[in-house]
Amino acid sequence: MSSTDQGTNPADTDDLTPTTLSLAGDFPKATEEQWEREVEKVLNRGRPPEKQLNFAESLKRLTVHTVDGIDIVPMYRPKDAPKKLGYPGVAPFTRGTTVRNGDMDAWDVRALHEDPDEKFTRKAILEGLERGVTSLLLRVDPDAIAPEHLDEVFSDVLLEMTKVEVFSRYDQGAAAEALVSVYERSDKPAKDLALNLGLDPIGFAALQGTEPDLTVLGDWVRRLAKFSPDSRAVTIDANIYHNAGAGDVAELAWALATGAEYVRALVEQGFTATEAFDTINFRVTATHDQFLTIARLRALREAWARIGEVFGVDEDKRGARQNAITSWRELTREDPYVNILRGSIATFSASVGGAESITTLPFTQALGLPEDDFPLRIARNTGIVLAEEVNTGRVNDPAGGSYYVESLTRSLADAAWKEFQEVEKLGGMSKAVMTEHVTKVLDACNAERAKRLANRKQPITAVSEFPMIGARSIETKPFPAAPARKGLAWHRDSEVFEQLMDRSTSVSERPKVFLACLGTRRDFGGREGFSSPVWHIAGIDTPQVEGGTTAEIVEAFKKSGAQVADLCSSAKVYAQQGVEVAKALKAAGAKALYLSGAFKEFGDDAAEAEKLIDGRLFMGMDVVDTLSSTLDILGVAK
């Protein structure tokens with residue numbers, strides 16, 4: 001038998017195996033100058049010679065700006081990352097306050113419960129703990145769990161094995177007292193019990209429109225002294241500002257300013273700065289923008305460590321412990337199952353960002369309370385799957401070293417520090433909440449976001465992009481009536497589109513816009529594919545005709561029962577048939593006529609077309625204004 005028949009001895013190939021493997025070894029090294037030329041070439045395609053862009057202008061076109069002014073450029077380079085990354089678990093804690101050792105429970109899967117039905121909540125808590133939940137977050141309020149029901153909902157819980165945190169939007173003292181009382185009645189050693197009281201007097205005042213009272217903090221901290229050192233009295237709730245419209249910079253800065261004010265208050269009440277730091281946690285928002293979420297959590301730790309350094313806090317106590325909650329503001333009522341995707345991205349982002357505990361909101365949160373365990377199961381399993389199957393929790397700061405993430409972390413930290421200093425100049429976060437500073441910043445963020453939502457530069461999947469009329473929903477229980485609040489108002493991003501949908505569904509028959517698709521599919525297909533989803537955003541049906549003579553198009557329009565029409569086709573067909581069809585549709589009773597495209601596509605008839613047509617559909621249009629105006633034309637009440 002020959003050597004080839006016998007196969008090759010692995011030992012004989014050792015000298016053939018390269019010590020390093022370069023996948024791009026056979027290709028010439030690309031330079032930045034080459035990349036710049038390619039960028040210019042793409043962006044200048046179709047531009048006349050006198051309007052050609054240079055690289056700086058091209059880069060400016062590709063740069064994205066967040067609602068609060070953070071620039072995100074299209075490419076990051078080694079100079080954008082620090083020369084030394086540092087390590088997780090040590091100051092300045094950018095890379096993590098705690099070190100993950102590879103265990104499955106890298107973070108607390110902290111389940112939210114707020115159903116006032118104590119029997120339902122008791123059952124839901126037990127099922128959650130049996131199926132992977134590791135800690136609990138309870139809202140204790142008149143429209144949520146009553147303080148006197150905590151004994152009932154905890155009756156199956158082994159308190160020595162479960163950390164519990166409460167919070168309240170209406171009476172933080174009552175919620176804290178109810179939780180401490182349950183733990184004080186336990187027959188387990190107090191040092192084995194860990195609980196968080198969720199006290200945030202400044203955030204509470206912002207919600208209620210009242211004056212913050214920080215004098216109560218010291219008494220609560222002393223009362224917790226007998227419990228586990230993992231117990232915390234204070235949780236700075238940045239969600240309050242996020243849900244009111246704050247961008248990443250303001251959310252981060254105001255959390256820092258609130259923390260600094262609490263430290264000063266506790267020092268005045270007899271505690272050291274280190275002891276004050278040790279009783280404060282942060283509740284932060286995790287959004288579907290994974291990189292901004294990751295960077296914001298990292299920036300918070302770095303900036304908080306700097307504040308601790310100034311206060312003289314022991315170095316190992318300067319870390320910011322964070323409970324991340326997926327964004328309520330980003331949840332949608334329409335096509336709610338898409339919220340599962342938003343929650344998954346946000347939970348992943350929080351885990352990569354190094355949160356110590358993560359709460360994934362039920363995907364039904366914009367509709368009502370869960371009727372059964374399904375939404376709660378999806379919420380808890382999101383974190384469990386990421387930790388145990390995706391193995392996200394086995395890695396410390398996996399984004400560390402990324403030029404993009406490191407640069408974004410620095411940008412957020414710097415911008416937030418400037419806002420933090422502005423608040424300090426006002427006298428602290430209490431003064432900022434009581435004056436107009438917070439509302440002015442929120443108004444600016446909300447105005448910019450409203451513009452981006454309307455022109456879809458900030459799209460919402462399944463709402464303002466890829467909407468589906470009649471999408472499957474899910475049954476929920478209505479939220480109980482809540483007492484009125486006089487402070488910051490909360491709004492979800494999708495509400496403006498849901499109001500349009502509500503107008504369409506309030507009438508017995510959905511309103512219609514007729515799509516006059518001229519020519520063949522190759523002529524109108526692109527425009528029809530763009531325009532019909534625009535009308536569907538408001539729940540407007542789009543009967544259509546494909547090609548045909550002007551008389552056939554008019555006949556189809558009359559049969560459709562529509563009162564508004566939208567022309568969809570190419571420049572070639574518009575120039576041939578556009579004005580003729582527009583005149584005929586107006587003569588047939590169309591109250592308004594829209595054009596998918598540009599007036600110049602009508603050629604010599606452009607001026608006449610502009611007189612006939614009432615509006616255009618195009619990329620970057622204000623869809624909210626167009627849809628609202630169309631519903632007005634159709635007589636659909638607001």
Side-chain angles (χ1 to χ4, degrees), residues 108-126 128-129 133 135-154 157 162-183 195-201 203-208 220 232-244 281-286 323-329 331 343 357-371 375-376 379-380 476-485 487-488 490 492:
D108 271 348
V109 176
R110 184 164 293 180
L112 171 68
H113 293 281
E114 56 181 345
D115 194 312
D117 183 341
E118 66 270 25
K119 292 182 180 179
F120 178 91
T121 298
R122 173 184 174 179
K123 182 171 182 279
I125 286 175
L126 181 60
L129 292 172
V133 167
S135 65
L136 302 171
L137 178 63
L138 275 64
R139 183 162 72 89
V140 179
D141 268 325
D143 61 326
I145 301 170
E148 61 269 20
H149 291 163
L150 283 191
D151 274 316
E152 167 70 15
V153 301
F154 285 145
V157 177
T162 309
K163 175 176 280 190
V164 178
E165 178 169 359
V166 294
F167 72 104
S168 175
R169 297 171 188 159
Y170 297 97
D171 193 340
Q172 292 188 346
E177 179 62 44
L179 183 64
V180 172
S181 298
V182 169
Y183 275 73
L195 63 157
N196 290 353
L197 302 184
L199 297 169
D200 182 11
F204 179 80
L207 268 182
Q208 292 294 335
W220 285 112
R232 306 282 183 263
V234 177
T235 299
I236 298 167
D237 192 354
N239 281 261
I240 289 170
Y241 308 107
H242 170 84
N243 289 336
N281 281 358
F282 292 86
R283 185 178 299 130
V284 297
T285 313
N323 167 220
I325 298 187
T326 58
S327 171
W328 171 85
R329 197 185 75 201
L331 294 177
S357 61
I358 304 174
T359 299
T360 306
L361 293 178
F363 72 93
T364 55
Q365 198 74 3
L367 291 167
L369 292 168
E371 265 201 340
L376 301 175
R380 67 174 175 261
T476 59
K477 296 186 290 188
F479 288 114
R485 297 198 305 256
L488 300 179
W490 287 3
R492 289 178 295 104

Quiz item: Would you call the rings of Tyr183 and Phe154 parallel, tilted or perpendicular, where under 30° means parallel and over 60° means perpendicular?
Solution: perpendicular
Over all atoms of both residues, closest heavy-atom pair of [X] and [Y]:
{"X": "Asp115", "Y": "Ile145", "value": "O-CG1, 3.6 Å"}
{"X": "Val153", "Y": "Ile125", "value": "O-CD1, 3.8 Å"}
{"X": "Pro201", "Y": "Leu199", "value": "CD-C, 3.9 Å"}
{"X": "Leu376", "Y": "Ala124", "value": "CD1-CB, 3.7 Å"}
{"X": "Glu371", "Y": "Phe120", "value": "O-CE1, 3.7 Å"}
{"X": "Pro116", "Y": "Leu369", "value": "CD-CD1, 3.9 Å"}

Non-neighbouring partners of [X] that pass salt bridge (Lys or Arg N to Asp or Glu O under 4.0 Å), sequence neighbours left out:
{"X": "Lys123", "value": "Glu127"}
{"X": "Asp108", "value": "Arg110"}
{"X": "Asp237", "value": "Arg283"}

Gap separating the [atom1] atom of [X] from the [atom2] atom of [Y], nearest 0.5 angstrom:
{"X": "Ser327", "Y": "Arg492", "atom1": "OG", "atom2": "CZ", "result": "10.5 Å"}
{"X": "Ile325", "Y": "Trp328", "atom1": "CD1", "atom2": "CH2", "result": "13.0 Å"}
{"X": "Thr285", "Y": "Asn243", "atom1": "OG1", "atom2": "CG", "result": "6.5 Å"}
{"X": "Leu137", "Y": "Ile358", "atom1": "CG", "atom2": "CD1", "result": "13.5 Å"}
{"X": "Lys119", "Y": "His149", "atom1": "NZ", "atom2": "NE2", "result": "10.5 Å"}

Quiz prompt | Ser135 vs Glu165, side-chain contact (heavy atoms from CB on, under 4.5 Å): CA-CA, chis, key distance, verdict | solution = CA-CA 8 Å; Ser135 65; Glu165 178 169 359; over 6 Å; no
Quiz item: Which residue pairs pass the salt bridge (Lys or Arg N to Asp or Glu O under 4.0 Å) test when at least one of the two sits in residues 141-152, sequence neighbours left out?
Solution: Arg122-Glu152, Arg139-Asp141, Arg139-Asp143, Asp151-Arg185
Practice problem: Identify, with sequence neighbours excluded, every residue that meets ring-ring contact (aromatic ring centres under 6.0 Å, His included) alongside Tyr241. | Solution: Trp254
Quiz item: What residues form a ring-ring contact (aromatic ring centres under 6.0 Å, His included) with Phe363, not counting sequence neighbours?
Solution: Tyr337, Phe374
Between [X] (side chain) and [Y] (backbone), is there a donor-acceptor pair under 3.5 Å?
{"X": "Ser168", "Y": "Val140", "value": "yes"}
{"X": "Asn281", "Y": "Thr235", "value": "no"}
{"X": "Thr364", "Y": "Leu367", "value": "no"}
{"X": "Trp490", "Y": "Ile240", "value": "yes"}

Exercise. For side-chain contact (heavy atoms from CB on, under 4.5 Å), just list the numbers for Trp220 and Glu177, CA-CA rounded to whole Å, side-chain angles, deciding distance to a tenth of an Å, and then say yes or no.
Key: CA-CA 9 Å; Trp220 285 112; Glu177 179 62 44; 3.7 Å; yes
Self-check item: Any side-chain heavy-atom pair of Leu138 and Leu150 under 4.5 Å
Solution: yes
Quiz item: What's the verdict on side-chain contact (heavy atoms from CB on, under 4.5 Å) for Tyr170 and Arg485, showing C-alpha distance, side-chain angles and the deciding distance?
Solution: CA-CA 8 Å; Tyr170 297 97; Arg485 297 198 305 256; 3.6 Å; yes
Quiz item: Where do Asn196 and Asn323 land on the side-chain contact (heavy atoms from CB on, under 4.5 Å) test, with the steps shown first?
Solution: CA-CA 11 Å; Asn196 290 353; Asn323 167 220; over 6 Å; no
